[in-house]
Amino acid sequence: MSQPRPVLVVGSGAREHALATVLARTAPVIVAPGNPGMATSSTPFPITVSTDRPEDLDVDLVIIGPEVPLAEGLADSLRGLGRLVVGPGADGAQLEGSKAFMKELLDEAGIPTAKFGAFTSVAEALAFLATMSPPYVVKTDGLAAGKGVLVTDSFEEAKDDVIDKLMGEAFGKAGRRIVIEEGLIGTECSLLALCDGERVVALTPAQDFKRLGNGDAGPNTGGMGAYTPMPGIGQDLVAELVTTTIEPLVRAFQARGINYRGVLYAGLMLTEQGPKVLEFNARFGDPEAEVLLPLLQGDLVAWFTSIAEGTIAPALPAPGASVCVVLAAPGYPEAPRKSMPISGLASDGQLENAIAGVTVFHAGTARPDPDGPFLVSGGRVLTVSATAETLKDARALAYQAVAQISFEGMQYRTDIAEEAVRREELS
Ligand code: AMP
Ligand code: GLY
């Protein structure tokens with residue numbers, strides 16, 4: 001039998017490492033630009049990293065991980081070259097690139113979401129803020145890696161943040177326009193679906209832990225851990241969530257002539273008044289991908305090909321449960337420190353003492369000496385992900401693995417999926 005054609009994954013984080021790992025079950029994978037922890041993974045087919053431009057690589061299928069290349073139109077240029085691409089064009093990626101665009105689309109599609117206003121003027125923003133009640137929510141319009149959001153009960157803090165975001169330089173161009181929102185209270189849930197332009201197939205709901213510290217204390221981050229499935233969110237509720245939030249969005253895209261082939265990630269708040277959309281993203285969540293992808297069984301290359309071709313195949317089975325814990329650099333998210341050696345990893349980037357069901361996905365790691373240790377090189381450094389039959393077992397495995405790894409100043413939460421395990425035991 002001839003060797004299958006390589007598949008390209010664009011990106012360099014733990015999400016892309018997870019994508020590469022599941023795709024490498026059925027085909028060789030190239031990750032561009034990738035990171036050194038990916039190149040050494042032990043999978044059925046090899047994973048290699050490449051610094052070539054994605055356009056220059058000879059592949060048929062491309063999966064684009066992060067939001068920035070999507071917003072910049074990478075999917076369009078690759079499709080122009082005849083590649084099959086999982087990821088929306090620049091038109092569809094505005095969903096994530098502009099919160100104001102997203103809110104307009106939700107409004108048009110009748111999708112429940114928080115009341116909001118979008119502003120460029122400080123005076124108008126503060127006048128609107130004065131009409132809201134706590135918790136106050138202030139967001140930058142544009143891509144800010146999950147870090148441009150303030151949720152606070154203090155009016156003074158919200159007011160200062162409005163002034164900062166509109167006048168300050170902290171978020172550069174992303175900060176010139178802001179969105180002020182009604183604060184929603186309830187259970188947060190990430191619902192990811194794959195869309196072939198017309199039809200959608202949802203993955204199991206996952207929960208992400210956005211705050212830096214235990215008990216949801218500290219600043220918002222890109223995400224400090226995740227788990228799936230969510231006890232209490234059964235198939236009926238998922239079907240209802242898809243019908244009320246994702247399908248109307250796809251129809252709104254179609255009405256605008258946008259052929260959206262890629263991931264639709266709904267960040268939902270399950271409130272007492274029903275589910276409401278907090279945000280939509282145009283890509284896999286990170287760290288949600290690191291729990292959702294390892295559970296999927298079957299041929300991911302064939303499945304992603306069907307999505308890119310506009311003929312989506314039925315959902316892949318995803319039995320069991322998965323929990324992941326993010327290990328972050330000291331100083332993350334404001335000012336991560338780098339260059340410290342990481343201990344506990346073998347030369348293939350995985351655990352020195354392997355644990356069945358555990359994979360270490362690399363994000364901010366470097367390896368200047370190919371025979372030397374991995375070094376910290378980014379804010380979120382590693383995502384330690386475990387699968388098992390139950391959340392309880394997956395959580396235990398993930399933390400058993402975390403205990404093997406260390407670097408100076410390592411930050412991580414010790415309460416990922418703790419509450420979910422309690423709910424799992426009650427059900
Ligand atoms: P976003 O980048 O819009 O997903 O916001 C990051 C995080 O801020 C979300 O995951 C929520 O935890 C929180 N958040 C955002 N919008 C709201 C809102 N309207 N009400 C309550 N919490 C919110
Ligand atoms: N986990 C949050 C995000 O990917 O935006």
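Indexing begins at 1, ligand by ligand and atom by atom, following the structure's order.
Side-chain contact between L382 and I342 is present, with heavy atoms from C-beta onward closer than 4.5 Å.
Formation of a donor-acceptor pair under 3.5 Å by the E389 side chain with backbone atoms of G320 is not found in this model. Checking side-chain atoms of Q94 against main-chain N and O of D91 turns up a donor-acceptor pair under 3.5 Å.
Not counting sequence neighbours, the partners of A18 by the side chain to side chain contact (heavy atoms under 4.5 Å, CB included) test are E290, L293, F361. Here L237 pairs with I233, E240, L241 under the side chain to side chain contact (heavy atoms under 4.5 Å, CB included) rule; sequence neighbours left out.
Under 4.0 Å from ligand 2, not a single heavy atom of F284 appears. Under 4.0 angstrom from ligand 2, the non-hydrogen atoms of R283 all belong to its side chain.
Going from atom CZ of R83 over to atom CD of E55 covers 8.5 Å, rounded to the nearest 0.5 Å.
For ligand 2, the atoms sitting less than 4.0 Å from at least one non-hydrogen atom of N281 are 5 (O), numbered in the order shown with element in parentheses.
Closest heavy-atom approach to atom 11 (C) of ligand 1 among the candidates E279, K115, E188, K210: E188. Evaluated by nearest non-hydrogen atom to atom 22 (N) of ligand 1, the leading choice among V151, L150, I180, T271 is V151. Relative to atom 2 (O) of ligand 1, the option among V138, V137, V179, V149 with the closest non-hydrogen atom is V149.
For the pair G223 and ligand 2, no heavy-atom separation below 4.0 Å is found. At least one heavy atom of G183 lies less than 4.0 angstrom from ligand 1. Within the structure, the closest approach of P287 to ligand 2 falls below 4.0 Å when heavy atoms are considered.
Considering backbone and side-chain N/O of D208, one or more are found under 3.5 Å from N/O of ligand 2. The N/O atoms of E279, backbone and side chain alike, include none that comes under 3.5 Å of an N/O atom in ligand 2. The distance criterion of under 3.5 Å between nitrogen or oxygen atoms is met by E288 with respect to ligand 2.
Residue L192 comes nearest to R283 through the heavy atom pair CD2-O, 4.5 Å, listed as atom of the first residue, atom of the second, then distance.
Between the side chains of N214 and T414, a donor-acceptor pair is found at a separation under 3.5 Å.
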